[in-house]
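Below is one structure, written out as structure tokens, with a few remarks after it.
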Amino acid sequence: MEKIAAAVRERAKRALATGEVDRVFAWKRGEFWYDVTPAVFETADETDELLWDSFCVANLSKYLTGAVRQGFKVGVFVKGCDALAFNQLLQDNRISRENVRLFGLPCPGMVDPEKLKKAKRYRGVRAVARAGDVLALQGKHGEQQVEAPAYLYDKCLVCRHPNPVVYDELLAEPQPVRTPDSDRFALVNELEAMSAEEKFLFWQEQFDKCIRCNACRNICPACSCEKCIFDNGESGVAAKANADSCEEQFFHLIRAYHVAGRCVDCGECSRVCPAGIPLHLLNRKIIKDIQAIYGDYEAGLDPNVPAPLATYRLDDADPFDGHQKGGKK
Amino acid sequence: MQRIGVFVCWCGSNIAGTVDVAQVAQSAAAMPGVVYAKDYQYMCSEVGQNMIKQAIAEHGLTRVVVASCSPRMHESTFRKTAAAAGLNPYLVEVANIREHCAWIHKDKAEGTKKAIALTRAAVAKATLNAPLVAGESGVEKRALVIGGGIAGLQTALDIADAGYAVDIVEKSPSIGGKMAQIDKTFPTLDCSACILTPKMVDAATHENITLYTYSEVESVSGFVGNFEVAIRQKARSVDAKKCSGCGLCAEKCPSRKAKSEFDEGLRTRGAIYIPFPQAIPNVPVIDRDECTYFKTGKCGLCSKICPASAVSFEQADEVITQRYGAIVVATGFDMIELDKFGEYQYGQHPDVITSLEFERLTNAAGPTGGKFVRPSDHKKPKKVVFVQCVGSRDTSGRGKPYCSKICCMYTAKHAMLIRDKYPDVEASVFYIDVRTPGKNFDEFQRRAVEEYGVQYIKGMVGKIFPEQDKLMVHGVDALSGETVVIDADLVVLASATKAKDDAEALGRMLSISTDTHDFFTEAHPKLRPVESHTAGIFLAGACQGPKDIPETVSQAGAAAAKAIGLLSKKKLVTNPCVTTVNEALCSGCLACEKICPYGAIAAKTIELTNNGVKETRVVAAVNEALCQGCGGCTVACRAGAIDLKGFTNRQIMAEVDAICF
Amino acid sequence: MIRTKVTPTTQTEALAEVLDICGTNAANCMQCGKCSATCPASSRMDVLPHQVVRLLQAGQVEKVAASQTIWSCASCFACSARCPRKVDPARLIEAVRLSVVRKAGGNYLKADAVPALADEAMPQQALVSALRKYSK
Amino acid sequence: MLLEEKTSQEQAFEPLIVAFCCNWCSYAGADLAGTSRLQYPANVKIIKVPCSCRVNPNFVLRAFQKGADGVVIAGCHPGDCHYSTGNYFTRRRFTLLMNMLDFIGIEKERFTVDWISAAEGSKFAAVMNGVLEKVHKLGPNRKMRDKRWKR
């Protein structure tokens, strides 16, 4: 991975030095060893700080909306899920393809620091190196090697697209897909099997934890409205105060509904939720329904295929026509 | 704060019988914003309306709520009342306490409670009502008629005579349609060509009519009064301006394999051909699929012999774009295929023909020159059997479940004509029911039986076996309960009518609906029979359902009258309840554009300064003249940037809140 | 022969039984006679198929039950295939037949008796139909 | 809770049903139900919308929040939409919303979409009676309800 990282750095430097792009969106080190933060690079010199490692989980696509609108030509690194997000933003007219240089990065899956912490591998670590599926935790007392899959984010374990679905150039060899697609609906299926009462209690407990920090919304590549309806006092549904649990239900249902057919299932909403609400389950429920009822559609795969809620078929399933009377056919 | 007046109507005892109207008025008076509340026996009466006008003036009302019958009944009445008193008509709301309350509940306490809730919802909505001004749009003084059969011709002539320009688009190389193929017309037996040809000539020479033959409508956009239509004029490969119509090319064309469409395939035609002698325009067309020159690059005989050098192999399709105020659809009908009716031997035996083929066979200008002979051996038949309802009234899926309407009459006509000309020929008709409602229709059919001795047999034909040069027709006489067999020489099948195969596609292009059988649906089966659901688009003839010629012509006249009524208007008032975009909220994702059935939403680029930085942004823009106000886009818009006037998100939510009060 | 007047009705138990057995709706029939015209066995029938349907529409099950027709029908289903109204006359006839043979002792033929009666030249279809028809 | 008390409370339960009806078909169907003097309980309150596709999921959730025990959306039959395609979108949108409500534990029976034409007054009454019956069985909707809401 370090070898690829060097190539990544080199490519960014060249892009800025030759004026191929005005800005490069990439990652740099945050405060801690497990902390990687998105960063904007404006000059070739700055790119020494640029990095690519097992913690580059942050999706950079959404940052493009502002920069592209101001007329900058931007270079951006995309992993598999980021590329889906990129396409979704493209479909929503939030960015323009011409102003973006896409550097594709096949992704081996990102490491979840929380999992390392839970496994008590956390203490004393200064840096983490990676070769294939082996993580080398380097600390005060030397190096310790662990198997990477055990510490990857859950969402990475059911990743369908480790390789970008769209890019201008690919900077590494493609990665194999880890698990079959069906696995990602396991939890949804479990919840569906519960009684109405159990389901409600489960979700009420989850939604009650919500502090309305809006992290889920801000990270989401499908949530890209100029002004969210929940921030708009005129809309009649705006509410920030956690006055009553019903408002959290409203917020989260509508949030999930607004990304229906547009969610690329990157799982970022759940990852960033400080309260640990499994928001991605709502999204996946919708994805599952759409696939079951309206056929295979994957948001972000092809921006030219109309989204399920932006189209219809005359012979769509009709769960409401219990009477089968009247009307055409 | 609004100053709202609430007016509760008794509707005599219709409402007052189950709703305590006084209590509704009393409760309304206490609702937020209400400064005046009153009940009266008949709010829609002159006295009632004056009461509203007076209250608007005296109490300075800014909103009016009328709790009365359905808004479908009197909303426009009360809007006019408010307008007369100087209030914007869209500041009026109606609470439906009759159809939705008084008439369905028996218990007075319950009814009163519900009436109060409905009134509260109307008050809550009215509070948020905004004054709306209906827009205006002009009317393009030109009509388009799609289809050049008798329906289209009659419509076009009527509109043109009223002084408006009309374009006729006809798919085939000549106008005339099905009627041109017919020999005689029932119930008067006048010659079809004799009454149609003058109309064709009239249309061709009328100063207000332009013909586009061998042309098809390619796209339609716009709205009532302002349609924009692209017409594809297919390449004739003959320059109509140079051609004198001498017909030499058609005569000399060496390719003779193509079947004549006009003669129902009973004879062949050249690759370059004039469909029939009276064709208008009298200009040949090259069937490029059949032409040796187009297939191999060799031949070109027509071009060489044309005295006017009118043949042009290079001619290309031309697309003409034109604006129209009204469109009349008159695309006509077809006959069903009979491949599912193997028992009748159609297609297997040349002497089993359809009624339309029979028309050509007996026509003086037809393939036999009017000589009544059968196709197989050109001998004169002795016995002719007619079978009605071949595929009509058939729910089994082989045919069509509806009655084709015209077959009883034309079969009687055919049988009668045979018996009249050739008294030695026997004619029998198998029928299920004889349906002859129409002026002089039943008399006509009875004459066939009583004067001309046509054998009518109630029953169907089960199978036909060819035996030597005869066709053994096995059937049943259901009335006598006998099985029958007739050794016929010719069998004529009255196949069912059907909508044109491309009717649904055209319907989609025009955004007008079709029924289960692809006939165009009228706006109301009784009261608006010639209008489609889309304003400005009218229907004439058999494209709306099976019809005979008199009916077609009267519907064509009616459609023309509707079109003239529209074209004569200076301005059209548009619906003010349209959507608007709040550009500050719009992200330009154009989810709204994708679901708009009217193409009323388009992208627009705006420039703005965001925190001192200049940005360009794409936003949605609504064409108010196109928007019909369904509001589907408002739901597609996640940010609520697009909203529907008269039914805003806030208004509907206020109603929900008031109902759940 | 003396003609007696009948009272058309759809409310008889016998009719209900017949309609229950076959599951088709005689009311769909518009008496076009296609079935009778099509029927290859009509020459042996005293009541033609379309008349069977009409009698059933009027509730006259006994007349059909007493007819030769129900035993002449070869169950070739030509009538059903060509019926424009999906009435399925063959099934109606079969149902009447069943309502007769289901009555105690009503069996027309025992299965054991068939081999002796079988005709080598008889087509398979008719043979199977006969078994179905006579051995309930 | 004493049994007696419970029964009396159940008897007192008067469900609140909010029905969104499209102007062209279902609202007219409701008018016809009235004109034909068909009975359905007063618990159903109708809000007119131009087309069933005007109904925002926000409205449905809002109604539940504010105390509705059931919500109905009624539109023209698919294929008969006055705006030609509106109800096709309604069908997709609310198929998904209904499944979602079910997924978080709001009983499917509380949310009904149906196609009622202007000629189907009796169907309108039948659908409303059906909804009432189902909601009666389920009892008051306490889920999603704004706790500040009192009736």
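In what follows, chains carry the letters A, B, and so on, assigned in the order in which the sequence lines appear, proteins first and then strands, with residues in each chain numbered from 1.
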To the nearest 0.5 Å, what is the distance between CE on B/Met653 and NZ on D/Lys66?
9.5 Å
Heavy-atom contacts under 4.5 Å, residues 104-113 of chain D to chain B
none
Heavy-atom distance under 4.5 Å to chain D: side chain of B/Ala636, backbone, both or neither?
both
Top contributor to chain D interface from B/Arg98, B/Arg508, B/Lys106 [non-hydrogen pairs under 4.5 Å]
B/Lys106
Atom CD of B/Glu110 and atom CD of D/Glu14: how far apart are they, to the nearest 0.5 Å?
6.5 Å
For residues 18-27 of chain D, which residue pairs qualify under salt bridge (Lys or Arg N to Asp or Glu O under 4.0 Å), counting only residues two or more places apart or in two chains?
none
Flag if over 12 foreign heavy atoms under 6.0 Å of NZ, B/Lys645:
yes
Non-hydrogen atoms of chain D under 4.5 Å away: do they reach the side chain of B/Leu118, the backbone, both or neither?
side chain
Just to verify, what does B/Glu593 make a side-chain hydrogen bond (donor to acceptor under 3.5 Å, both in side chains) with, not counting sequence neighbours?
none
Value for CG (D/Asn23) from CZ (B/Phe647), rounded to nearest 0.5 Å, stands at 6.0 Å
Contact origin within B/Asn575 toward chain D - heavy atom pairs under 4.5 Å:
neither
Counting only heavy atoms closer than 4.5 Å, note whether B/Lys125 contacts chain D via side chain, backbone, both or neither.
neither
Inter-residue atom distance D/Thr35.OG1 - B/Ile104.CD1, 0.5 Å rounding
10.5 Å
Does any heavy atom of chain B fall under 4.5 Å from the side chain of D/Ala28, the backbone, both, or neither of them?
both
Give, for atom SG of B/Cys630 and atom CG of D/Asn87, the distance between the pair rounded to the nearest 0.5 Å.
10.5 Å
So what's closer than 4.5 Å to chain D heavy atoms on B/Asp107: side chain, backbone, both or neither?
neither
Best-contacting candidate, D/Leu38, D/Val18, D/Asn58, against chain B by heavy atom pairs under 4.5 angstrom:
D/Leu38
Could you label the plane-to-plane angle of the D/Tyr83 and B/Tyr598 rings as parallel, tilted or perpendicular, counting under 30° as parallel and over 60° as perpendicular?
perpendicular
Quick one: are D/Phe20 and B/Ile652 in side-chain contact, heavy atoms under 4.5 Å?
yes
Anything in residues 40-57 of chain D with a heavy-atom distance to chain B below 4.5 Å? Please list those residues in order.
D/Tyr40, D/Pro41, D/Ala42, D/Val44, D/Lys45, D/Ile46, D/Ile47, D/Lys48, D/Val49, D/Pro50, D/Cys51, D/Cys53, D/Arg54, D/Val55, D/Asn56, D/Pro57
What's the spacing between B/His100 NE2 and D/Asp31 CG if we round to 0.5 Å?
4.0 Å
So do D/Thr90 and B/Val635 actually touch side chain to side chain, heavy atoms under 4.5 Å?
no
As an exercise: rank D/Tyr88, D/Tyr27, D/Phe89 by heavy-atom pairs under 4.5 Å with chain B and give me the winner.
D/Tyr27
